[in-house]
Structures are given as structure tokens and as C-alpha cells.
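The residues of the chain are indexed from 1 along the displayed sequence. No hydrogens, no waters, no symmetry mates; every other heavy atom, side chains included, goes into these values. Counting starts at 1 for both ligands and their atoms, in listed order. Everything numeric in this text was worked out from a predicted model, so none of it was measured.
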Amino acid sequence: MDKGTASISKKIQTIGYGTDGKGTEGKSLGRMEFEREAPKSNEVLLDILYCGVCDSDLHLLENSWGLTHYPCIPGHEIVGRVTFAGNDVTKFKIGDIVGVGNMVDSDLTCSACREGEENLCEGPHGPTLTQGGYLFSKGSDYNTFGGYSNNIVVREEFVLRIPEGMDPASAAPLLCSGTATYGPLKRFNIKPGERVGIIDIGGPGHIAVMLANAMGAEVTAITPDETKREVAFELGAKNVLISTNAEEMQKYSGYFHHILGTAPDSYDVTPYLGLLRRRGNITVMAMLGPFTGTLNNFSLASRGLSLAGSMIGSIAETQEVLNFCAEHGIRSRIELIKMEDINKAMERLKRSDVRFRFVIDSSSLQAS
Ligand SMILES: [Zn+2]
Ligand SMILES: [Zn+2]
């Protein structure tokens with residue numbers, strides 16, 4: 001197997017777009033040069049081709065979770081080409097087109113990791129996130145630098161294979177939004193014709209509509225945004241429910257077998273419980289902050305409903321969703337941007353002014 005040179009001893013020079021390290025919250029992004037650790041024998045080095053722009057990137061940048069260590073470099077929907085594979089790497093070789101999602105490492109020894117759920121790693125620091133994650137090699141120094149950069153070093157267990165023939169730019173959002181929605185949809189165990197509602201038709205939601213449709217569900221897009229009606233049908237929704245219309249909400253009372261909530265901001269889950277059939281399930285993807293409104297147990301208990309949470313997907317699920325999308329011809333809808341336009345893109349992301357995912361063309365970094 002062609003592995004290029006046997007090892008790289010020098011640190012890797014990297015160009016990224018990040019905050020410049022003054023610790024100012026909400027700072028805009030600018031060009032920043034830094035060094036990555038040289039790849040170890042079980043790691044690969046990628047040249048990054050594309051990187052998706054997720055809402056979490058904005059949260060990292062603005063310290064919305066109170067966990068950001070500055071400087072930070074966001075980016076966790078990374079598609080790249082392998083330029084070096086360490087001697088112990090068995091799955092990848094130079095030239096492979098691969099992906100990196102939310103995680104670059106975990107302890108791989110806890111019960112969650114052993115059962116293939118690294119995303120729920122129970123080790124002392126959980127999984128090492130691709131951006132702003134805990135660096136095991138650096139002790140207490142939290143801060144992995146993400147994919148708004150021209151290269152990244154990742155251990156092979158956390159590298160995904162981009163299926164042959166898949167457009168690499170539109171594959172990028174599958175590495176976070178895709179796997180984050182695929183996991184809960186898979187756990188719904190959808191039977192043909194079952195009615196599935198997807199709340200919020202944004203980055204994750206638009207992929208969820210396509211996935212649920214391909215899984216055989218009758219899909220309803222649930223959105224307050226009338227302008228998304230047409231595109232929701234194009235994505236495969238059979239119905240569109242405008243959530244701010246009380247009459248329509250009433251019409252769908254008790255209708256759904258399953259609902260997946262994909263909105264990133266806090267909302268009141270109670271009105272959606274009323275849309276579920278008896279024994280229905282609503283899974284709510286991680287939102288920023290607590291539910292608004294008061295969740296009364298009686299709303300769940302009286303009809304045997306269940307409420308679940310979901311965040312990032314496991315490595316196995318991420319590979320599965322890539323393969324599933326290749327098989328079903330599912331392609332996320334993206335707007336390709338240059339690295340130097342990232343601050344404008346972030347402003348638009350705050351207003352949800354994107355159909356449906358910004359993806360950075362990383363070749364623009366070299367030129368910037
Ligand atoms: Zn994300
Ligand atoms: Zn673990």
C-alpha cells in the first residue's frame with residue numbers, strides 16, 4: 001500500500017480561519033497560521049477540500065455554551081484527500097477521498113465506545129470533538145482546531161469513507177447534519193407508510209426530510225416559514241404543516257407516529273406532543289438552552305408518548321448515512337462559499353438565510 005513517506009517528524013504547517021487568540025467572545029474569523037502535531041502511526045493527514053458551516057460553529061465562535069477556549073477554529077463537516085497515512089493505518093491510503101465529522105478521537109475503551117457509540121463516550125472527557133475538543137495529548141489543554149483550515153490530522157478510526165461517485169462538496173453536511181438526523185430516524189424503526197414529522201427545514205431538517213422519505217415514511221415538513229413550502233415538496237415531503245397556523249396544527253392533531261425536532265434554538269415542545277398518535281415518539285436534537293414553556297408530564301403520560309434526545313452520530317452511523325445517501329441518490333443542498341466570505345455567511349446563518357448549508361471551498365484558503 002502506498003503510504004508516501006514512512007513517517008512525518010515535523011509539525012504540520014496549517015492555514016486556518018479562526019479567532020486570533022485574544023479571548024474576545026463573538027469575534028469574527030480571520031486568517032490564522034498554526035502547527036498541527038505530526039501524524040502518528042495510526043493517523044492520517046488530509047488536505048481539506050470542503051467544510052460545511054454548521055450552527056454549532058457559530059455557537060463555538062460566540063461561546064454560546066460557555067465552553068469555548070480561544071483561539072478557536074470551527075469546522076466539523078470536513079471532506080478531504082488523504083496525503084499521508086501512518087504505518088499502522090490499514091483502511092486508508094494516499095489519494096482516498098474521506099470525511100471527518102464531529103469527533104477525531106475518544107478513549108475507545110469505555111462501554112459506549114466498545115459498543116460502537118463513541119459519540120456517547122463515557123470516558124472522563126467524552127469524545128474529542130473536532131472543534132474545541134479536549135486534546136488527550138495535551139492534558140488539560142482543551143482545544144482542537146477544526147476544518148476551517150487547509151489540513152487536519154485524524155486517527156483512522158474516526159475517518160469516514162466518502163462513497164465513490166458522491167459529490168464531495170454536498171457530502172460535507174452529511175458528516176454532522178446527516179448523521180445527527182439519520183440516527184434518530186433509524187431508531188424510529190419506520191414502517192412503510194408511517195407518518196413522520198420533521199420540525200424545522202434547515203441544514204439538518206432538509207436532509208431529514210430526504211432520509212425519512214427514502215426510509216419509506218410519509219413525511220410532513222413542520223415549519224413556521226411559508227417560503228419553505230415549495231422546496232419541502234421538492235425534497236420529498238408529502239405535506240407541509242405551517243406551525244404558526246393554529247387551525248392547521250389542530251388538523252394534524254394525533255397524526256404522527258414519530259416526530260424529529262431539528263431546530264437549533266430553544267422551543268416549546270408541548271404543542272408538538274399533541275400532533276403525535278398514542279405511543280408516539282418525539283426526538284429532539286440538541287437545542288441551545290432549555291425547552292421554553294413548561295413540559296407537563298401529563299401531556300406525555302396520558303397518551304403513552306415518549307420524548308428522547310439526540311445529538312451527534314456514531315462513526316458507524318456516519319458511514320451508514322453516507323452509504324445510504326449514495327444508494328438513494330440523496331444530495332444535500334448547499335451554497336458554496338469562499339473562505340474569506342465566512343463572516344458574511346455567519347451573519348446570514350444567524351438569520352437562517354441559507355438554502356440549506358454553506359460549504360466552504362477550501363481551495364479559496366490558499367489564495368486568501
Ligand atoms: Zn454540526
Ligand atoms: Zn469511550
Query - Residues that His257 engages under ring-ring contact (aromatic ring centres under 6.0 Å, His included), provided they are two or more places apart - result: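 Listed in chain order: nothing, the list is empty.
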Requested in this report: Keeping to residues at least two apart or across chains, list the side chain to side chain donor-acceptor pair (under 3.5 Å) pairs with something in residues 189-214.
Outcome: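 Those involving residues 189-214 are Glu194-His258.
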Requested in this report: Identify which one of Phe145, Tyr148, Tyr17 satisfies the ring pair (Phe, Tyr, Trp, His ring centres under 6.0 Å) criterion when paired with Phe34.
Outcome: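 Going through Phe145, Tyr148, Tyr17 one by one, the ring pair (Phe, Tyr, Trp, His ring centres under 6.0 Å) with Phe34 is satisfied by Phe145 alone.
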Query - Distance, nearest 0.5 Å, that separates CZ of Phe358 from CG of Asp341 - result: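 Separation between the atoms: 9.5 Å.
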Query raised in the report: Got a second to check how far Cys54's SG is from Gln131's CD, nearest 0.5 Å?
Result: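 Going from the SG atom of Cys54 to the CD atom of Gln131 covers 7.5 Å.
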Query raised in the report: Would you call Glu347 and Lys350 a salt bridge, taking side-chain N to carboxylate O under 4.0 Å as the test?
Result: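 A salt bridge links Glu347 with Lys350.
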Query raised in the report: Could Glu340 and Lys338 be called an ion pair, given the rule that one side-chain N must be under 4.0 Å from one carboxylate O?
Result: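 No, Glu340 and Lys338 are not salt-bridged.
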Requested in this report: Identify which protein N/O/S atoms are less than 2.8 Å from the Zn ion (ligand 2).
Outcome: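 Result, waters dropped: Asp107 OD1, Cys110 SG, Cys113 SG, Cys121 SG.
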Query raised in the report: Distance below 2.8 Å from the Zn ion (ligand 1): how many protein N/O/S atoms qualify?
Result: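 Step by step: take the Zn ion (ligand 1), keep protein N, O, S below 2.8 Å, and you get 3.
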Query - Main-chain N/O of Glu118 paired to Ser314 side chain as donor or acceptor, under 3.5 Å - result: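 Pair absent, no side-chain N/O of Ser314 close to backbone of Glu118.
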Query - His125 and Asp107: side chain donor to acceptor below 3.5 Å - result: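 Result is no, nothing qualifies.
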